[in-house]
Amino acid sequence: RAVSVAAAAVALEGGLRDGGVGALLATPGQTSIDQLVQAHGFEANQLVKVLLLLARFEDGLRQPLLVSLRGDQELNDVKLANAVSARLGAAHGALLGIEPLSADLVRQERLDLDLTAWPMGFLGPDLDDALLGGDGIIPSDDAVRPASGTSESGKSGSVQDVKPRLQRSFLRLFDPTALALESFVCGANQPDAHRVGAGWAGLGLDPGPKQVVDLRSAQPGDRCVHDPSQTLEASRGIEVGHIFQLGRKYSEALNARFTNEAGVDEALWMGCYGIGVSRLAQAAVEQHHDRNGICWPVSIAPFEVIVVIANAQDQAQATLGEQLYDALKANGIDVLLDDRPERAGVKFKDADLIGIPWRLVVGRGAASGEVELVERATADTQVLASAAVLETLQPLLAAGRRGLVI
């Protein structure tokens with residue numbers, strides 16, 4: 001979804017050449033932007049890269065795409081899918097997918113198209129539609145009938161006779177960053193050659209409004225659209241909820257209507273939202289963890305305190321541990337008791353791993369009525385008299401439940 005203003009391109013030395021057709025430059029084996037930059041000293045933003053793709057539609061249409069981007073930009077697949085659907089979806093149904101047009105895809109789709117003569121890696125934005133030749137109808141019905149009686153639209157029942165057919169002209173789409181280049185380097189549509197100093201008019205291209213669309217991914221450091229003096233920063237996020245605008249699609253189907261102020265029946269406008277309970281937990285763990293495991297905030301921790309009896313075979317430790325467990329529980333504290341016959345180190349490690357906010361360790365000091373209180377998030381430790389545990393913990397937990405820290 002993000003949009004931005006890309007960094008300005010460096011002007012190509014020499015400008016337009018040969019009337020904007022561009023001067024041929026031998027580039028043997030140099031099929032990538034990086035190879036061209038390293039071999040000839042160009043800036044990536046002086047190049048136009050051309051992507052050859054195939055869009056598949058529900059009614060069988062196979063539409064070749066020719067997408068032009070500035071060399072330093074990356075294609076945003078979602079923006080491309082939205083743009084292609086907006087232009088062709090109404091006439092041809094759902095967009096099933098967009099993939100690079102390759103020999104493997106041609107075989108898979110059984111298209112009567114021979115890519116062996118195409119100058120792959122050296123394509124220009126003016127690639128001739130004539131390369132797509134033929135009538136576009138696939139002769140073999142076996143190749144187009146979905147197996148197991150299911151149509152490409154996903155509807156079960158009788159097999160629908162949907163014949164994939166190849167559109168014999170490219171849908172050409174241009175990102176504004178590419179169109180803004182007055183002169184550029186691009187493929188020459190012949191093997192091992194590029195053109196230097198090409199221009200859009202010189203190549204015979206005059207993209208209309210329907211061909212120009214934002215197709216690039218916004219990047220950190222790009223300028224903000226609303227205020228070009230500001231730049232974008234990137235930060236990680238996790239989706240924990242969402243809202244869908246449903247429009248009137250379902251209310252029309254369900255005949256869910258109301259009478260407006262003019263006395264006319266209308267279908268309801270609908271929307272919905274969802275909160276992912278499990279995603280909330282994932283988001284909390286992503287933000288509250290360390291190399292030892294989870295550090296649950298008190299407000300959402302499965303337990304608030306874990307009482308760890310260091311040596312369950314020691315009667316004094318076992319007795320005091322159980323007394324503290326009962327007292328905490330009686331005072332409304334979510335508490336877990338670890339009285340397993342394991343070594344103390346194993347229990348401490350497990351307590352860190354599962355991330356209970358406070359650990360109460362009943363160890364050698366049990367004989368004198370002393371225990372250790374350890375905060376999971378900071379590892380801060382204090383030695384307390386067992387009689388002071390409740391008065392120490394209760395205000396800490398009360399603040400933690402409200403998302404506060406003392």
Side-chain angles (χ1 to χ4, degrees), residues 235-241 274-406:
S235 59
R236 295 188 61 202
I238 181 170
E239 178 190 346
V240 296
I275 300 294
V277 175
S278 59
R279 288 193 180 196
L280 286 171
Q282 294 167 24
V285 171
E286 186 170 311
Q287 296 174 76
H288 301 280
H289 70 276
D290 59 22
R291 61 193 180 97
N292 295 318
I294 303 169
C295 302
W296 285 113
V298 172
S299 55
I300 60 171
F303 294 93
E304 297 170 316
V305 180
I306 180 169
V307 176
V308 178
I309 300 175
N311 180 4
Q313 308 304 316
D314 184 302
Q315 189 57 49
Q317 293 183 30
T319 300
L320 181 57
E322 290 173 5
Q323 288 174 350
L324 289 170
Y325 170 77
D326 291 338
L328 293 170
K329 195 172 181 181
N331 280 272
I333 295 172
D334 289 330
V335 59
L336 182 67
L337 177 65
D338 187 352
D339 57 355
R340 295 175 296 164
E342 295 280 359
R343 290 181 292 108
V346 172
K347 297 180 183 180
F348 299 158
K349 194 75 174 176
D350 288 347
D352 281 345
L353 180 65
I354 61 178
I356 296 174
W358 294 95
R359 182 171 78 224
L360 198 58
V361 181
V362 182
R364 294 172 182 171
S368 57
E370 290 184 336
V371 295
E372 287 184 356
L373 181 63
V374 183
E375 185 178 16
R376 171 65 184 87
T378 63
D380 288 345
T381 302
Q382 53 182 310
V383 177
L384 301 172
S386 59
V389 166
L390 268 175
E391 65 183 70
T392 302
L393 265 177
Q394 283 178 320
L396 296 172
L397 294 175
R401 291 164 185 164
R402 295 164 53 206
L404 304 176
V405 176
I406 294 182

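Residue indices begin at 1 and follow the sequence shown.
In this structure, the separation between CG on L396 and CH2 on W358 is 4.5 Å, given to the nearest 0.5 Å. Taking CG of L353 as the start and NZ of K349 as the end, the distance is 8.5 Å to the nearest 0.5 Å.
A 4.5 Å side-chain heavy-atom check between L384 and Q382 finds at least one atom pair inside the cut-off. Here the side chains of V305 and L397 are in contact, with some heavy-atom distance below 4.5 Å. Counting only heavy atoms from C-beta outward, the side chains of F303 and I354 never approach each other to under 4.5 Å. Put simply, the side chain of D350 does not reach to within 4.5 Å of the side chain of E342, judged on heavy atoms. Using a 4.5 Å cut-off on side-chain heavy atoms (C-beta onward), L360 and V335 make no contact.
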Return a table of donor-acceptor pairs under 3.5 angstrom between the side chains of residues 306-318 and protein atoms on other chains or two or more places apart.
unit_1	atom_1	unit_2	atom_2	d
N311	OD1	Q313	N	3.0
D314	OD1	A316	N	2.9
D314	OD1	Q317	N	3.1
Q315	NE2	T319	OG1	3.1
Q317	OE1	N311	N	2.8
Q317	NE2	G363	O	3.4

Expected list for residues 365-376: side-chain donor-acceptor pairs under 3.5 angstrom, two or more places apart:
unit_1	atom_1	unit_2	atom_2	d
S368	OG	G365	O	3.1
E375	OE1	T378	OG1	2.9
R376	NE	I294	O	3.2
R376	NE	D352	O	2.9
R376	NH1	D290	OD2	2.9
R376	NH2	D290	OD1	2.8
R376	NH2	I294	O	3.4
R376	NH2	D352	O	3.1

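The shortest non-hydrogen separation linking I356 to W296 is N-CD1, 4.5 Å. Contact detail for A327 and N331: the closest heavy-atom pair is O-ND2, 2.8 Å.
A salt bridge (Lys or Arg N to Asp or Glu O under 4.0 Å) check over residues 393-405, counting only residues at least two apart or in different chains, returns the pairs E304-R401.
With sequence neighbours excluded, the residues that form a side-chain contact (heavy atoms from CB on, under 4.5 Å) with S299 are P297. Here R279 pairs with E239 under the salt bridge (charged side-chain N to carboxylate O under 4.0 Å, His left out) rule; sequence neighbours left out. By the side chain to side chain donor-acceptor pair (under 3.5 Å) test, D339 pairs with no residue at all, sequence neighbours left out.
Shown here is R340, whose CZ atom has more than 12 heavy atoms of other residues, nucleotides or ligands within 6.0 Å.
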